[in-house]
There are 4 protein chains.
Amino acid sequence: MTGITDDGHMDTPDGSTNTDPAGNAKREQILKGAGTIFLADGYEGASMSRIAQMAGVSKGTLYNHFDGKASLFSAFFEEQARCHLAPIEALSHGSEQSIRVTLIRFADMTVHLLISPMALGLHRIIVSEVEKFPHLADTFWRYGFGRTLSNLTEYLARSVTLGELEIADPSLSAEQFMLMCQARIIQHRRFGLPVDDSNAAIAEFAAFTADSFLKIYEPRHQ
Amino acid sequence: MTGITDDGHMDTPDGSTNTDPAGNAKREQILKGAGTIFLADGYEGASMSRIAQMAGVSKGTLYNHFDGKASLFSAFFEEQARCHLAPIEALSHGSEQSIRVTLIRFADMTVHLLISPMALGLHRIIVSEVEKFPHLADTFWRYGFGRTLSNLTEYLARSVTLGELEIADPSLSAEQFMLMCQARIIQHRRFGLPVDDSNAAIAEFAAFTADSFLKIYEPRHQ
Amino acid sequence: MTGITDDGHMDTPDGSTNTDPAGNAKREQILKGAGTIFLADGYEGASMSRIAQMAGVSKGTLYNHFDGKASLFSAFFEEQARCHLAPIEALSHGSEQSIRVTLIRFADMTVHLLISPMALGLHRIIVSEVEKFPHLADTFWRYGFGRTLSNLTEYLARSVTLGELEIADPSLSAEQFMLMCQARIIQHRRFGLPVDDSNAAIAEFAAFTADSFLKIYEPRHQ
Amino acid sequence: MTGITDDGHMDTPDGSTNTDPAGNAKREQILKGAGTIFLADGYEGASMSRIAQMAGVSKGTLYNHFDGKASLFSAFFEEQARCHLAPIEALSHGSEQSIRVTLIRFADMTVHLLISPMALGLHRIIVSEVEKFPHLADTFWRYGFGRTLSNLTEYLARSVTLGELEIADPSLSAEQFMLMCQARIIQHRRFGLPVDDSNAAIAEFAAFTADSFLKIYEPRHQ
DNA sequence: CATGAATGAGTTTTCATTCAT
DNA sequence: TATGAATGAAAACTCATTCAT
């Protein structure tokens with residue numbers, strides 16, 4: 001509906017020796033410049049001229065590598081989502097760490113990740129362009145939020161199995177926890193409002209959030 | 001550098017029947033058309049020509065009533081925020097309703113409000129344009145989120161005074177509750193992802209959220 | 001050819017008691033505002049809105065008193081030419097003053113007149129708009145330069161009759177003298193170049209010019 | 001605030017046959033069209049659309065070659081001043097030609113130059129736009145009037161040295177002579193007034209002007 | 001006669017896209 | 001494949017003029 005024609009890349013999935021390096025180098029160079037502009041100005045506000053200038057290539061080259069502005073935008077978003085929305089994984093288990101420590105670490109990492117300029121920019125772009133580019137949400141979910149959610153859901157489910165938590169719908173609770181992490185600091189940053197985002201403040205907030213969550217789901221020892 | 005010059009609207013401080021109705025009628029007509037376009041296309045994507053066309057006036061008339069695109073955008077946002085982000089108030093107290101029922105009602109109203117097309121559109125606009133129009137966040141906070149937050153904070157504080165809840169920082173917990181309300185349904189709708197937003201689903205989610213919150217802050221009777 | 005339709009004014013040439021005073025007052029008020037704008041911005045650069053604003057009347061009133069921008073411009077120029085390009089007259093004769101003193105006075109007055117902001121502005125307007133409004137030159141010549149030239153020509157002719165000067169073509173020599181007066185100071189001011197236009201500098205230049213002229217045309221006593 | 005950014009033109013420092021010719025050809029083509037319009041309508045009266053049409057290029061192309069209307073105007077003026085206001089030089093000396101013949105030739109050339117449509121147009125433009133584009137006067141002075149004035153001043157100074165003229169301030173007298181050349185014919189043409197500008201009339205006027213000048217400054221043999 | 005809202009053709013300028021080199 | 005000049009549609013905004021009140 002929006003005329004997006006994502007140009008396949010996927011050239012040489014194996015390491016065969018062809019011209020890929022050069023071609024991909026230009027491609028990466030363009031995507032890097034496009035990212036700078038798109039994140040700063042949004043989709044509509046970005047101009048192909050400035051992208052070309054920022055990437056250090058001619059305008060024609062843009063159209064040799066991508067089908068147009070929409071296609072370039074999609075490719076940029078795909079790349080950024082893949083690289084910069086790496087899910088928060090490695091939720092260890094067992095005797096190594098208590099659930100509380102794990103959740104605090106998770107909350108802390110989430111806040112740190114989501115207040116990074118890149119994440120704030122991507123969030124802004126998804127929210128503002130999702131109607132024009134519906135697949136943005138899919139990409140975002142696939143690479144970022146969805147995967148993190150899966151990991152957390154799985155962790156909570158295991159905890160339930162181990163009898164450490166009492167959760168009826170781990171997926172819903174996981175989502176709930178991730179939203180709780182976005183109170184105050186992330187929320188304010190997304191709206192451009194001032195807030196204390198020092199490491200100490202984040203750590204304190206992470207502990208508060210994890211403790212709140214545990215109060216909901218920890219078995220109450222009579 | 002936003003160059004916003006909000007032109008006052010002078011709604012006949014005295015009750016005299018002067019030319020205001022006509023003037024305000026055109027103004028409202030323009031704002032209505034502008035709203036349609038801005039919500040659909042965002043600030044950058046909207047064009048003054050299409051706004052004029054949608055409002056049924058000439059381009060010149062737009063500029064007779066507003067100083068320019070930015071000014072029209074600000075006026076539109078201010079108006080919509082005032083009308084459509086009315087805070088959720090009237091959190092009753094005392095013997096009338098239990099805290100649980102009150103919080104469920106609050107959550108239910110919040111979800112219903114925030115999945116309305118207007119609220120989704122305004123949210124999209126704030127997030128995407130807050131860097132270019134910093135006062136959007138102020139307006140949004142003043143008319144909408146901030147006031148609701150105040151009301152909820154006050155309600156929680158009173159509940160603490162009455163001994164019904166144990167909350168160290170009512171403002172933080174209020175924010176936490178409002179974020180918890182945004183899990184699942186609102187979150188998915190904002191990202192254009194499919195989700196069950198039937199009244200029944202919302203009611204169930206509201207109860208789940210209120211109960212979660214109470215588990216955190218209800219005094220535990222030994 | 002330019003669609004100038006000069007609206008007659010000339011209302012009540014005698015002093016009959018009608019509504020003229022009020023009507024003429026508005027007319028003068030408009031012309032005053034128009035003058036400010038036209039002199040500052042030129043014909044094309046001036047806007048009817050700013051003229052109305054400057055004159056303190058509505059735009060509609062402009063069109064009640066004048067047929068349009070071109071007509072208003074013509075009326076403004078006519079008025080200014082009549083009032084501000086008053087010719088340099090009163091070139092006395094006989095035993096009262098020597099020719100040298102008379103010419104010096106003439107040169108001094110010419111320089112002072114032509115470096116006034118009004119005269120510089122009118123000169124600029126004539127030169128730039130004479131192709132679009134051919135009658136500007138006529139008006140200018142009729143009220144200003146032409147009359148002054150006539151006076152000077154007549155003065156020179158009388159001097160020739162009295163045997164004080166030897167001039168074959170007094171009209172040509174009058175024009176020559178007037179041009180000589182425009183060297184240096186006026187010339188520089190018209191081009192926006194810096195120049196000393198103090199009274200002393202003007203007086204010195206006037207004497208230099210008059211003396212030069214006399215060297216051309218004074219009878220050489222063998 | 002003129003915002004003029006003159007783009008250099010790089011005429012192939014080496015003699016290689018590259019794409020410059022084409023680039024410069026377009027540039028010249030645009031400047032030619034712009035000149036036609038600017039000279040006819042002035043700066044404010046000219047529209048970029050008509051310039052593009054006259055030059056036979058698209059509006060976009062105008063902006064590929066020049067930064068905007070002001071920049072195009074400046075480039076046009078610079079070029080025309082350089083090409084069409086070439087100073088009157090080669091004032092020979094010595095036994096070759098008498099001063100009288102030299103001055104007559106100078107006056108004749110001056111009149112012929114200054115009544116050319118191009119010179120009249122440039123003069124009109126300088127006078128009307130010098131407030132908006134102060135550098136016009138500098139350019140005009142540098143390429144045209146100023147250089148001619150220097151040449152004439154130098155010539156007069158040498159004549160003084162040779163004892164052929166008696167001039168206290170050669171620069172001032174040179175300016176005086178140039179103004180004397182502008183009486184009658186040039187003056188009338190600038191104001192759109194009818195005048196005999198045949199070669200014969202110009203020749204006669206040149207002789208008259210030179211003779212007048214010499215009467216001022218020639219040593220009077222007792 | 002004065003007003004000022006409404007108009008629509010006009011302005012300068014930008015931009016995604018194409019294409020010959 | 002890389003370039004960048006050329007394009008024309010569309011952007012934001014202005015302006016002289018009209019007309020109902």
Side-chain angles (χ1 to χ4, degrees), chain A residues 3 19 22-23 26 30 44-53 56-73, chain B residues 18-19 22-23 25-27 29-30 44-52 55-72, chain C residues 19 22-23 26-27 30 44-53 56-73, chain D residues 18-19 22-23 25-27 29-30 44-52 55-72:
Chain A
T19 62
K26 265 277 190 291
I30 292 172
E44 296 285 354
S47 93
M48 294 296 267
S49 292
R50 290 192 57 203
I51 289 173
Q53 192 179 2
V57 301
S58 73
K59 260 189 291 185
T61 301
L62 256 51
Y63 287 86
N64 286 336
H65 285 265
F66 299 92
D67 282 351
K69 192 183 182 183
S71 174
L72 175 55
F73 178 68
Chain B
N18 55 11
T19 60
K26 264 282 188 285
R27 192 179 198 272
Q29 185 182 341
I30 292 171
E44 297 283 357
S47 95
M48 294 297 266
S49 293
R50 289 191 58 205
I51 289 173
V57 300
S58 73
K59 249 185 299 182
T61 300
L62 254 52
Y63 288 88
N64 285 339
H65 286 264
F66 299 92
D67 281 350
K69 191 182 181 182
S71 176
L72 174 56
Chain C
T19 61
K26 264 277 190 288
R27 190 190 154 88
I30 292 171
E44 296 284 355
S47 92
M48 294 295 266
S49 292
R50 288 192 58 205
I51 289 173
Q53 193 180 1
V57 301
S58 74
K59 259 188 290 184
T61 302
L62 256 51
Y63 287 86
N64 285 336
H65 285 264
F66 299 92
D67 280 351
K69 192 182 180 182
S71 174
L72 174 57
F73 178 68
Chain D
N18 56 10
T19 59
K26 263 283 187 286
R27 191 177 199 274
Q29 185 181 342
I30 293 171
E44 297 282 357
S47 94
M48 294 296 266
S49 294
R50 290 191 56 206
I51 290 173
V57 300
S58 72
K59 254 184 293 185
T61 300
L62 255 50
Y63 287 88
N64 285 340
H65 286 264
F66 299 92
D67 281 350
K69 192 182 180 183
S71 176
L72 175 55

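Letters A, B, ... mirror the listed sequences (proteins, then strands); counts begin at 1. Please read all numbers here as calculations on a predicted model, not as lab measurements.
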Whole-Å distance between [N] [atom2] and [X] [atom1]?
{"X": "D:Ile51", "N": "E:dT11", "atom1": "CD1", "atom2": "P", "answer": "11 Å"}
{"X": "A:Arg50", "N": "F:dG4", "atom1": "CZ", "atom2": "C1'", "answer": "19 Å"}
{"X": "B:Arg27", "N": "E:dA6", "atom1": "CZ", "atom2": "P", "answer": "13 Å"}
{"X": "B:Gln29", "N": "E:dA5", "atom1": "CD", "atom2": "P", "answer": "15 Å"}
{"X": "A:Gln53", "N": "E:dC15", "atom1": "CD", "atom2": "C1'", "answer": "14 Å"}
{"X": "D:Leu72", "N": "E:dT12", "atom1": "CG", "atom2": "P", "answer": "11 Å"}

*Using Watson-Crick or G-U wobble geometry with both distances below 3.5 Å, tell me the partner of E:dT12, or none.*
F:dA11
*Look through every strand shown and name the nucleotide pairing with F:dT21 as Watson-Crick or G-U wobble, where both distances are under 3.5 Å.*
E:dA2
Would you compute the distance between atom [atom1] of [X] and atom [atom2] of [Y] and round it to the nearest 0.5 angstrom?
{"X": "B:Lys59", "Y": "B:Ser47", "atom1": "NZ", "atom2": "OG", "value": "8.0 Å"}
{"X": "B:Arg27", "Y": "B:Thr61", "atom1": "CZ", "atom2": "OG1", "value": "14.5 Å"}
{"X": "D:Leu62", "Y": "D:Ile30", "atom1": "CG", "atom2": "CD1", "value": "5.0 Å"}

*Base-contact (B) and sugar-phosphate-only (S) positions in nucleotides 13-21 of chain F, heavy-atom cut-off under 4.0 Å, - elsewhere*: BB-BBB---
*Note, D:Lys26 side chain near D:Asn64 side chain (heavy atom, < 4.5 Å)*: no
_Strictly below 4.0 Å: does B:His65 bring a side-chain N or O up to OP1 or OP2 of E:dA6?_
yes
*Counting just side-chain N and O atoms, does C:Ser58 come under 4.0 Å of either OP1 or OP2 of E:dG4?*
no
_Working note: C:His65 + C:Val57, criterion side chain to side chain contact (heavy atoms under 4.5 Å, CB included); need CA distance, chi angles, decisive distance, verdict._
CA-CA 11 Å; C:His65 285 264; C:Val57 301; over 6 Å; no
*At their closest point, which heavy atom of A:Gly68 faces which heavy atom of A:Tyr63, and how far apart are they?*
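Looking at all heavy atoms of both residues, the closest pair is CA-CE2, 3.8 Å.
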*Give the nucleotide from the list E:dT7, F:dA5, F:dG8 with an atom nearest to the side chain of B:Thr61.*
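From the listed options, E:dT7 comes nearest.
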